[in-house]
Amino acid sequence: MQLIDGKLIADQVKSEIAEEVKQIIANGGKQPHLAVIIVGHDGGSETYVAHKVKSCEQVGFKSTKIEFEDDITENALLAEIEKLNNDADIDGFIVQLPLPKHISEQKVIEAIDYRKDVDGFHPINVGRMSIGLPCYVSATPSGIIELIKRYKIETSGKNCVVIGRSNIVGKPVSTLMIQKGIDATVTVCHSRTKNIKDVVRGADIIIAAIGSPEFVTADMVKDGATVIDVGTTRVPNATTKSGFKLTGDVKFDEVAPKCSYITPVPGGVGPMTIVSLLKNTLLAAKKEVYK
Ligand code: GUN
């Protein structure tokens, strides 16, 4: 069994990005600039945004954090997005999700200029990804593919079972896994799937993204399978300083011995998602996807 070290790979990719930023600046280019909008005080979101800002610093990007209280109106938020769309110094920006209930996430996503949508959530980017055109691919799916590639895990003709059909992970990662060059045979399971244990047992590669702690147990995993755990549920835990424990969708202790490769939580997919965001921001700064 080999542990997939997301932190290690993330650090490698960050060094590669930092090197490229140095080159750009040495050649008289502009420092890449990411802006992050955060609304309210969701604990998970505040942690993620802090990591995103810190990672920008590590690779030499400029970053701007824009904070609003959770009573901001939808119109005021949309106006802020419009400002960023028109700000030539900002190469890319994201609005951290989830948003308060009175704001439509879909409206917000569609208000972002797709050329600055480094989250890859805009329908134009999602659509271009699905037909294999250059675009910004969203962070988690892109991080998963990067891990699979860097560990040289065989995907061609392999059975890949994705558990979960979210717009952020399940759907896009299933789209990427069937694309030419990756060539897996993909099954997507969800809450209405019949005999889910049998379906998952047929997988050479399991991508668990349902947000249900320890859902995948040893009896669902074929010997030698690769297991990618996307779960990050904060389960209350009295023994930790924060009062919770980040828990994946896979019952790691019993599943790991059966695997050829497995990602831990934390330290697997998580660190890669931020790296994907940095990569998209660099692409945006270089105007490599859209002019
Ligand atoms: N919330 C959870 N994941 C993400 C992400 O990748 N981007 C944004 N903007 N919000 C999120």
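Indexing begins at 1, ligand by ligand and atom by atom, following the structure's order. Note that the structure is a prediction, hence the values are computed from the model and not measured.
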Chemist: Look at ligand 1 and say whether F121 reaches it with a heavy atom at a distance under 4.0 Å.
Modeler: yes

Chemist: Checking contacts here: is it the side chain or the backbone of V95 that comes within 4.0 Å of ligand 1, counting heavy atoms only? Could be both or neither.
Modeler: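 The answer is the backbone of V95.
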
Chemist: Can you establish whether the number of heavy atoms outside K222 located under 6.0 Å from its atom NZ is more than 12?
Modeler: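 Atom NZ in K222 is crowded, with more than 12 foreign heavy atoms closer than 6.0 Å.
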
Chemist: What is the nearest protein non-hydrogen atom to atom 11 (C) of ligand 1, stated with its residue, atom name and distance?
Modeler: Q96 NE2, 3.3 Å

Chemist: Taking atom types as modelled and ignoring hydrogens, do the side chains of E74 and H102 form a donor-acceptor contact shorter than 3.5 angstrom?
Modeler: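 No - no donor-acceptor pair under 3.5 Å links their side chains.
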
Chemist: Is there a donor-acceptor pair closer than 3.5 Å between any side-chain N or O of Q179 and the backbone N or O of M129?
Modeler: yes

Chemist: From the options F93, Y290, F121, Y114, select the one residue that forms a ring pair (Phe, Tyr, Trp, His ring centres under 6.0 Å) with Y136.
Modeler: Y290

Chemist: Do T217 and D219 have side-chain N/O donor and acceptor atoms under 3.5 Å apart?
Modeler: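 Checked: T217/D219 side chains pair up, N/O donor to acceptor below 3.5 Å.
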
Chemist: Should L97 be counted as touching ligand 1, given the test is an N or O pair under 3.5 Å?
Modeler: yes

Chemist: Checking a contact table here: which protein heavy atom is nearest atom 9 (N) of ligand 1, and how many Å away?
Modeler: D119 OD2, 2.6 Å

